[in-house]
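Report on the following structure.
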Amino acid sequence: MKAVSQTKFSIFFANGDRLTYGNCLVACVASMLDEPIDEVPNIYTFYGLGSGEEEPLWLKVLNLWMGEKHGKNLVVKKEITPFLGDYVIARGKSTRGRSHCCIYREEEEGLKPFFDPHPTFQFLKEINWYYIIEEI
């Protein structure tokens, strides 16, 4: 795995509304697939589109790319279960109080922080769900 830092950061208005999205998830996917970050589709262009669907548009776009290029899919897991790999992308609340993704490593004692694509390298204070990369 090649650690890839995020290149875009969320910007918020003073009232807390989001203006732009960062690319922490894209950086985590790039890291786990050993890809340059610019090779991974900018899924945040599609973020929020199709949000009422079971599988949002951004995930469909990412999985189409991953399937064609790597024969893999990104799968959402809501709880900790034994994973089929060493690494998992965790999504939750950062220490900065915003949604964020980081890579955790599965060890005998459970999941341990491995790589935070944000320059603060502070990881998550709470985890809400996980993304795993599976073979198709």
Are the side chains of [X] and [Y] in touch, meaning some heavy atoms are under 4.5 Å apart?
| X | Y | value |
| --- | --- | --- |
| I132 | I89 | no |
| N42 | K8 | yes |
| S5 | P119 | no |
| V76 | L59 | yes |
| E134 | V75 | yes |
| V26 | T7 | no |
| L25 | Y131 | yes |

Discussion item. According to salt bridge (charged side-chain N to carboxylate O under 4.0 Å, His left out), does anything in residues 20-45 pair up with another residue at least two apart or in another chain? List the pairs.
Written reply: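 Qualifying pairs: E35-K69, E39-K69.
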Worksheet entry | Listed once per pair and sorted, the salt bridge (charged side-chain N to carboxylate O under 4.0 Å, His left out) pairs that draw on residues 124-133, sequence neighbours left out |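 For residues 124-133: none.
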Worksheet item: Do you know which of T120, T95, D116 makes side chain to side chain donor-acceptor pair (under 3.5 Å) with H100?
Response: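 Considering T120, T95, D116, a side chain to side chain donor-acceptor pair (under 3.5 Å) with H100 is found only for D116.
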Worksheet entry | Linked, directly or transitively: M66 and L64 (ILVMFWY side chains, under 4.5 Å) |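 No, M66 and L64 fall in different hydrophobic clusters.
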Residues that [X] engages under side-chain hydrogen bond (donor to acceptor under 3.5 Å, both in side chains), provided they are two or more places apart:
| X | answer |
| --- | --- |
| T20 | none |
| S10 | R18 |
| E107 | none |
| R105 | Y87 |

Worksheet item: Who passes side-chain contact (heavy atoms from CB on, under 4.5 Å) against A90, sequence neighbours left out?
Response: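 For A90 the side-chain contact (heavy atoms from CB on, under 4.5 Å) partners, ignoring immediate neighbours, are Y104, L124, I127, Y130.
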Worksheet item: Sequence neighbours excluded, which residues qualify as side-chain contact (heavy atoms from CB on, under 4.5 Å) partners of S31?
Response: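 S31 satisfies side-chain contact (heavy atoms from CB on, under 4.5 Å) with M1, V4, I103, F115 once adjacent residues are dropped.
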Discussion item. List the residues meeting salt bridge (Lys or Arg N to Asp or Glu O under 4.0 Å) with E108, not counting sequence neighbours, and say none if there are none.
Written reply: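 Listed in chain order: nothing, the list is empty.
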Worksheet item: Given I136 and N63, is the side-chain contact (heavy atoms from CB on, under 4.5 Å) satisfied, shown in steps?
Response: CA-CA 10 Å; I136 295 178; N63 280 336; over 6 Å; no
Worksheet item: What are the two closest non-hydrogen atoms of N23 and Q6, and how far apart are they?
Response: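 Heavy atoms of N23 and Q6 come nearest at OD1-CB, 3.1 Å.
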Discussion item. My understanding is that only residues two or more places apart in sequence, or in another chain, count here; which of them pass ring-ring contact (aromatic ring centres under 6.0 Å, His included) with F9?
Written reply: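 For F9, the residues satisfying ring-ring contact (aromatic ring centres under 6.0 Å, His included) (neighbours in sequence not counted) are H118.
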Worksheet item: If you round to the nearest 0.5 Å, how far is CD1 of I133 from CE of M32?
Response: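 Atom-to-atom, M32:CE and I133:CD1 are 4.0 Å apart.
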